[in-house]
Amino acid sequence: MDADSETLIQRTSNAPWLPPGGTAEVIRRVTPPRPMSLVRVLLRRADTVFCVPRPESGRFDLPTAIASTDDPNGVRAVEDLADRITGTPDGLQFLGAVKNIVVSPADGYVWPTPHAYFGVWTLPTDPIVDGSWLALGSHSELRDRHWYPLVG
């Protein structure tokens with residue numbers, strides 16, 4: 001795969017979480033695209049992934065951080081997140097992203113348009129913070145997460 005080529009894994013047209021007409025694509029890439037909006041760290045043990053509660057809802061999700069506008073590919077944000085979660089960013093590898101495609105933004109939509117990326121990086125390290133190892137698979141409580149097709 002070329003460094004900047006994308007492999008489409010899943011497309012959701014008229015995604016209900018986006019402004020009307022918005023599309024969400026789950027893509028694999030070698031390099032992180034721009035503009036990166038959120039970064040996530042995926043720690044995996046066999047058929048489980050490490051999750052922490054979301055601050056706003058308490059629902060479990062991958063450790064997540066917002067990428068600032070002066071960090072367009074999210075690398076600084078994900079290195080900081082990995083360091084906080086595992087004690088080291090060593091071994092981070094970009095897996096892919098959810099790409100929001102929004103041509104006509106609506107009130108309350110805070111992400112860049114027409115594209116915003118929500119990246120997932122893997123790390124072959126154990127966490128140093130509290131969290132839970134949640135099962136993957138057909139009955140996983142994580143199946144509704146937009147990034148879930150990347151772990152397939």
Side-chain angles (χ1 to χ4, degrees), residues 1-45 47-82 84-85 89 92-124 127 131-152:
M1 177 186 294
D2 179 277
D4 290 329
S5 68
E6 297 180 354
T7 300
L8 180 65
I9 297 171
Q10 180 178 303
R11 174 179 286 128
T12 304
S13 298
N14 295 310
W17 61 92
L18 295 176
T23 298
E25 295 181 345
V26 180
I27 57 168
R28 285 199 195 281
R29 281 178 65 115
V30 174
T31 59
R34 300 168 182 224
M36 191 64 63
S37 297
L38 289 178
V39 298
R40 292 189 164 95
V41 172
L42 173 71
L43 306 177
R44 189 170 184 166
R45 284 187 190 158
D47 288 332
T48 64
V49 293
F50 180 75
C51 293
V52 295
R54 289 179 179 173
E56 70 280 358
S57 69
R59 292 180 68 205
F60 281 101
D61 206 342
L62 300 179
T64 302
I66 294 175
S68 66
T69 55
D70 64 347
D71 182 17
N73 62 5
V75 170
R76 288 195 315 267
V78 77
E79 286 175 347
D80 180 61
L81 177 62
R84 286 186 282 127
I85 298 299
L92 273 171
Q93 183 174 9
F94 186 69
L95 179 62
V98 177
K99 174 173 136 181
N100 285 359
I101 304 166
V102 175
V103 177
S104 299
D107 288 344
Y109 184 76
V110 299
W111 307 113
T113 58
H115 299 139
Y117 293 90
F118 304 82
V120 177
W121 280 257
T122 61
L123 191 60
S132 297
W133 290 92
L134 300 181
L136 298 170
S138 60
H139 299 293
S140 174
E141 67 184 270
L142 302 171
R143 286 189 60 78
D144 68 341
R145 305 309 187 271
H146 304 156
W147 52 261
Y148 193 86
L150 286 170
V151 299

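No experiment lies behind these values; they were computed from the predicted model shown.
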How close do [X] and [Y] get, counting heavy atoms only, and between which atoms?
X	Y	result
P63	V52	CA-CG2, 3.9 Å
I27	L150	O-CD2, 3.5 Å
A24	N100	CB-OD1, 4.2 Å
L123	P89	CD1-O, 3.9 Å
G58	P53	O-CB, 3.8 Å
M36	P32	CE-CB, 3.9 Å

Pairwise distance CG(L62) to SG(C51) - rounded to 0.5 angstrom: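 Going from CG on L62 over to SG on C51, the span is 5.0 Å.
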
L136 CG to D47 CG distance, which is reported to the nearest 0.5 Å: 6.0 Å

Working for side chain to side chain contact (heavy atoms under 4.5 Å, CB included), residues F50 and I85: CA-CA 10 Å; F50 180 75; I85 298 299; 4.2 Å; yes

Exam field: side chain S140 to backbone L142, donor-acceptor pair closer than 3.5 Å: yes

Donor-acceptor pair, side chain of R145 and main chain of F60, under 3.5 angstrom: yes

Compile the donor-acceptor pairs under 3.5 Å between side chains in residues 8-22 and protein atoms, sequence neighbours left out, one pair per line.
from, atom 1, to, atom 2, distance (Å)
R11, NE, E25, OE2, 3.0
R11, NH2, E25, OE2, 2.7

Taking only residues two or more places apart in sequence, or in another chain, which ones meet [X] in a side chain to side chain donor-acceptor pair (under 3.5 Å)?
X	answer
D61	R54, W147
R44	none
T64	R40

CA sep, side-chain torsions, deciding dist, call: V26, Y148, side chain to side chain contact (heavy atoms under 4.5 Å, CB included): CA-CA 9 Å; V26 180; Y148 193 86; over 6 Å; no

Heavy-atom distance under 4.5 Å between the side chains of [X] and [Y], does that happen here?
X	Y	value
Y109	S104	no
F118	H146	no
W111	V102	no

Within residues 64-79 or reaching into it, pairs that qualify as salt bridge (Lys or Arg N to Asp or Glu O under 4.0 Å) - sequence neighbours excluded: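 Sorted result for residues 64-79: D70-R76.
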
Pairs flagged by side chain to side chain donor-acceptor pair (under 3.5 Å) wherever residues 112-122 is involved - sequence neighbours left out: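 Matches after skipping sequence neighbours: none remain.
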
